[in-house]
Amino acid sequence: MKHLVIAGGGFAGFWSAMSAVRQATELGKRDMLKITLINRDEYLGLRPRFYEADLRGTRVPLGNWLTPLGIDLVIGEIGSAVPASRHIRLVGGPDISYDQLILATGSRQTYPDSVGPDHLFSADTFEESAALDQHLRALTATGFPTPASRTFVVVGGGLTGLEIVTALPSRLERLAPSIPGFAFHLIERAPEIGLGYAPDARRHIVKRLQHLGITMHTGQDELRHEKDRLILAGNQQLSAKTVIVATGFTASPLAATFRGPRDDLGRLAVDAFLRLPEHPEVLAAGDVSLAKTDPDHYAVMSCQHAMPQGRTAGHNAVRLLFNEDPIPYAQPRYRTCLDLGPGDALVTAGWERRVKTIGPEAKAIKTEILTQWICPPADIVNTLAMAAPVIAS
């Protein structure tokens, strides 16, 4: 009996488990393989949806798929890994040994050096998004009596920050339709908003922010935060009871347990098969993996790359356990879909992020992605069919 352990139950971990079952069944080895998935709770969180006002349906029980497929779910926090003896150590729990490990523990929110998490909000996890929702509802109950209570600041102008800030005006309007005078601010350290996008895409993003009445502050690489006050460059001050941080992510600290090169986000370099070169019994998938999608580009931290990497990692882990050749990971096509509030979104093509579609058509695509593409089918057969590691060109 071989033991495959999957550390992490996000997109990469979930699809690793599905692909592993699929491949073990195809090889006729399912009864010779034990699969254990370790996660901090019993849910697959649909992280790209955590900026939404209504959090219902933004996470689904892992047991809906793991239990029928005979995959063990261990709920707990992973404290460390011991590669030399092939063990995972749980905080306050037992060690779990493995023959093959898939590291899929994802990433976590980063904070600017001078801006700590105290008195701040985030949409990184379900719990943090729920805390933001409770905060907004508590402000609503007070009637927003002060300018600071009616001021909302998002720090970080990447995809997550843009989706959060463009959703806020309609979100507050629904919560408090009779309250006038809300103010929205977007803080970005780069000299321009949307710097990673092509010029036509940047123009659309800025136009949309202006339409929604969102004040943009660029070149803000030095911030200080005190309770209910954010101090910007030039000593400009914003009094706000709601400051939401969306300044990017760094790889799970568990990655530091393993030897090998990594990038400045802490992601572990992997070979073409998603293995760690210095730990061939370990594969890394998702936000913890520095994987090449093609000869010229590395994957970004997104479900777009985490899901196919999980499918490849699960497939390869099983093949390696039973002395079969693994397959290389490749994902040459790159698209982004940015939500820009009610009735609008931006779909881009290529690594240059050129405009492909905007407006209601793009919004429909975004809605389909969030409600269909990133959530596994309820039917087990269809889920396993989707777990095949086949990447469209």
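For clarity, every value in this text was computed on a predicted model and none was experimentally measured. All residue numbers in this chain count up from 1 along the given sequence. Computed over heavy atoms, backbone and side chain alike; hydrogens, waters and symmetry mates excluded.
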- Query: If you measure only the distance, is there a donor-acceptor pair under 3.5 Å linking the side chains of Thr125 and Arg40?
  - Reply: no

- Task: Spell out, yes or no, whether Leu346 and Trp373 are grouped together once hydrophobic residues are joined by side-chain heavy atoms under 4.5 Å, including indirect joins.
- Result: yes

- Message: Run His297 and Tyr334 through ring-ring contact (aromatic ring centres under 6.0 Å, His included) and show every step you take.
- Response: CA-CA 10 Å; His297 300 100; Tyr334 181 59; 8.1 Å; no

- Task: Report the relative orientation of the aromatic rings in Phe258 and His279; use parallel for angles under 30°, tilted for 30 to 60°, perpendicular for over 60°.
- Result: perpendicular

- Message: If the condition is salt bridge (Lys or Arg N to Asp or Glu O under 4.0 Å), which residues does Glu368 pass it with, not counting sequence neighbours?
- Response: none

- Return yes if a side-chain donor-acceptor contact under 3.5 Å exists between Tyr298 and Asp263, otherwise no. no

- Task: For residues 316-325, pull every pair meeting side-chain hydrogen bond (donor to acceptor under 3.5 Å, both in side chains), keeping only residues two or more places apart or in separate chains.
- Result: Gln23-Arg319

- Message: Distance alone, cut at 3.5 Å: any donor-acceptor contact between the side chains of Ser97 and His3?
- Response: no

- Query: Does Arg311 offer a backbone N or O that forms a donor-acceptor pair with the side chain of Ser19 under 3.5 Å?
  - Reply: yes

- Give me the ring orientation class for Phe184 and Phe152: parallel if the planes are under 30° apart, tilted from 30 to 60°, perpendicular past 60°. parallel

- Note on the structure: Hits for salt bridge (Lys or Arg N to Asp or Glu O under 4.0 Å) against Glu163, two or more places apart or cross-chain, chain-then-number order -> Lys366

- Assess Arg202 against Tyr197: is NZ or CZ under 6.0 Å from the centre of the six-membered ring, and within 45 degrees of the ring's axis? no

